[in-house]
*Asks:* 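Here's a structure for you.
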Amino acid sequence: MFSRGMSAAVRETMGRAYTAFEAEDWPLAGELLATAAPSLTGEMAAATWFDAALAYKFARDWPRAYETGKIAVTHVRRGAEEPAFWNLGTVATILGDWATARDCWDGYGLSVPPGSGPINEDFGPTCVRLRDVGEVVWALRLCPTRARVISVPFDPSRRFGEVVVHDGAPNGERTTGDLTVPVFDELVLAEESPLATLSVLVNADQPADLHDLQVAFSRRSLGIEILASRVDLCTCCSESSIRQESRDYANEQRLFLGATQDDARTLLEEWAGAAPTARTWANLHPA
């Protein structure tokens with residue numbers, strides 16, 4: 001595994017480092033790898049600096065992940081989709097170093113829009129597994145590693161409209177209709193949302209009535225979720241490929257809303273007023 005030209009001390013340090021890595025003792029693994037890396041050359045140096053940065057990222061030690069990542073990218077070629085650039089780009093994003101993040105996406109081989117500061121483009125839909133909650137939500141990618149949550153989390157400690165930084169390695173996938181997207185694990189909450197989750201009880205005679213309410217919220221770029229649609233999965237299933245089937249809902253339903261009280265009340269009143277004998281709502285309050 002290790003080069004024959006490696007000194008006994010470095011060999012011993014590397015052995016301890018990868019033992020710690022396999023045991024997921026990330027701070028120790030990062031420290032030992034960063035200690036050994038300066039004594040190495042060539043591909044071994046590139047791999048060791050990358051693994052040191054990766055270990056520090058797993059440890060959520062962003063400054064050290066950044067420092068070792070900056071060295072790791074000097075050992076690989078630009079434009080060759082080297083993961084060292086992606087790793088550093090993610091950490092630079094977390095630290096708000098937009099110039100380094102942009103340079104890393106370019107170094108990885110992506111087409112980066114001109115400008116400075118964060119990238120806020122439409123990179124398409126994806127799913128994100130919320131850290132410490134485990135819930136998988138739909139999101140719109142703003143850049144290679146940031147995404148805005150566009151579904152209302154069932155856990156009210158999280159919010160519609162949040163921006164999260166997610167990992168680069170998919171950990172599962174979700175399919176709805178003809179669309180299949182990866183599931184990425186959240187690393188940090190980058191921007192909080194001002195929209196606290198609201199709860200409301202509605203009664204809809206037909207599925208089309210409830211669909212109309214969903215469309216009304218969607219057109220205003222607001223969030224709406226039917227609590228009956230929640231599906232709880234074990235970790236193994238959550239990290240696999242899941243097809244999400246659409247279902248029809250009617251009658252009494254509890255909804256979670258990502259909206260201000262005023263906007264939610266206005267849309268609910270308009271919805272109910274359009275068909276007062278078929279639609280009612282009550283008990284709008286923070287979830």
Side-chain angles (χ1 to χ4, degrees), residues 1-3 5-6 10 13-14 17-18 21 26 29-126 128 139-148 163-171 173 181-188 190:
M1 176 180 177
F2 302 134
S3 169
M6 193 182 297
V10 172
T13 300
M14 292 284 283
Y18 282 105
F21 203 100
W26 305 123
E31 179 183 352
L32 292 172
L33 289 166
T35 298
S39 302
L40 306 174
T41 59
E43 292 183 0
M44 181 62 72
T48 304
W49 280 116
F50 172 75
D51 286 346
L54 195 63
Y56 280 132
K57 185 187 78 171
F58 290 154
R60 303 175 64 76
D61 187 337
W62 311 125
R64 286 187 172 86
Y66 178 84
E67 293 165 7
T68 49
K70 291 275 277 189
I71 300 172
V73 298
T74 67
H75 289 268
V76 296
R77 290 190 303 114
R78 294 183 67 88
E81 298 188 358
E82 289 284 356
F85 280 107
W86 197 285
N87 196 53
L88 178 59
T90 300
V91 174
T93 297
I94 290 171
L95 295 177
D97 182 352
W98 306 117
T100 296
R102 284 173 172 269
D103 182 68
C104 284
W105 306 136
D106 180 74
Y108 183 80
L110 299 177
S111 178
V112 180
S116 59
I119 299 170
N120 289 301
E121 301 289 328
D122 183 354
F123 279 65
T126 192
V128 176
L140 181 66
R141 297 180 75 183
L142 305 175
C143 78
T145 196
R146 288 163 53 251
R148 186 179 301 279
V163 175
V164 303
V165 178
H166 60 73
D167 212 349
N171 191 12
E173 63 180 20
V181 301
V183 178
F184 296 105
D185 291 329
E186 177 192 18
L187 293 174
V188 298

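When reading the values below, keep in mind they use all heavy atoms of this one structure, side chains included, and skip hydrogens, waters and symmetry mates.
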*Asks:* Ignoring hydrogens, what is the shortest heavy-atom contact between Tyr18 and Ala47? Give both atom names and the distance.
*Replies:*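 Closest heavy-atom pair between Tyr18 and Ala47: OH-O, 4.4 Å.
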*Asks:* Can you find a heavy atom in the side chain of Leu140 that is under 4.5 Å from one in the side chain of Phe123?
*Replies:*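 Sidechains of Phe123 and Leu140: no contact.
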*Asks:* Do any N or O atoms from the side chain of Arg102 and from the backbone of Pro113 form a donor-acceptor pair under 3.5 angstrom?
*Replies:*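 Flag set: sc Arg102 to bb Pro113 pair under 3.5 Å.
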*Asks:* At what distance, to the nearest 0.5 angstrom, does CE of Met14 lie from CG of Asp51?
*Replies:*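 Between Met14 CE and Asp51 CG, I get 8.0 Å after rounding to 0.5 Å.
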*Asks:* Can you find a heavy atom in the side chain of Glu67 that is under 4.5 Å from one in the side chain of Tyr56?
*Replies:*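 A side-chain contact under 4.5 Å is absent here.
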*Asks:* Do Trp26 and Leu54 touch side chain to side chain, with heavy atoms closer than 4.5 Å?
*Replies:*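 Not touching, per the 4.5 Å side-chain cut-off.
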*Asks:* So does Glu82 get a backbone contact from the side chain of Arg77, meaning a donor-acceptor N/O pair under 3.5 Å?
*Replies:*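 Absent.
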*Asks:* Is any side-chain heavy atom of Arg78 closer than 4.5 Å to a side-chain heavy atom of Phe85?
*Replies:*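 Of all side-chain heavy-atom pairs linking Phe85 with Arg78, at least one is under 4.5 Å.
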*Asks:* Can you check whether Thr93 reaches Trp105 side chain to side chain, under 4.5 Å on heavy atoms?
*Replies:*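 Heavy-atom side-chain distance check passes, below 4.5 Å.
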*Asks:* Could you check whether any side-chain N or O of Thr13 sits under 3.5 Å from a backbone N or O of Leu32, counting only pairs where one atom can act as donor and the other as acceptor?
*Replies:*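 A pair under 3.5 Å: no.
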*Asks:* Report yes if some heavy atom in the side chain of Asn120 is under 4.5 Å from a heavy atom in the side chain of Leu142; otherwise report no.
*Replies:*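 They are in contact (side-chain heavy atoms under 4.5 Å apart), so the answer is yes.
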*Asks:* Is the closest side-chain heavy-atom distance between Phe184 and Thr145 below 4.5 Å?
*Replies:*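 In short, these two side chains do not touch, never coming nearer than 4.5 Å.
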*Asks:* If I compare all heavy atoms of Val10 with all of Ala36, which pair ends up nearest, and what's the gap?
*Replies:*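 Smallest interatomic distance, heavy atoms only, reads CG1-CB, 4.2 Å.
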*Asks:* Can you see which heavy atom on His166 is nearest to which on Thr90, and at what distance?
*Replies:*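 So the two residues come closest at O-CG2, 4.1 Å.
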*Asks:* Would you indicate whether the side-chain heavy atoms of Val76 and Phe50 approach each other to under 4.5 Å?
*Replies:*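 They are not in contact (no side-chain heavy atoms under 4.5 Å apart), so the answer is no.
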*Asks:* List the steps, then state whether salt bridge (Lys or Arg N to Asp or Glu O under 4.0 Å) holds for Arg148 with Asp122.
*Replies:* CA-CA 10 Å; Arg148 186 179 301 279; Asp122 183 354; over 6 Å; no
*Asks:* Please check: side-chain N/O of Thr48 versus main-chain N/O of Ala45, any donor-acceptor pairing under 3.5 Å?
*Replies:*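 Checking the backbone N and O of Ala45 against the side chain of Thr48, no donor-acceptor pair under 3.5 Å is found.
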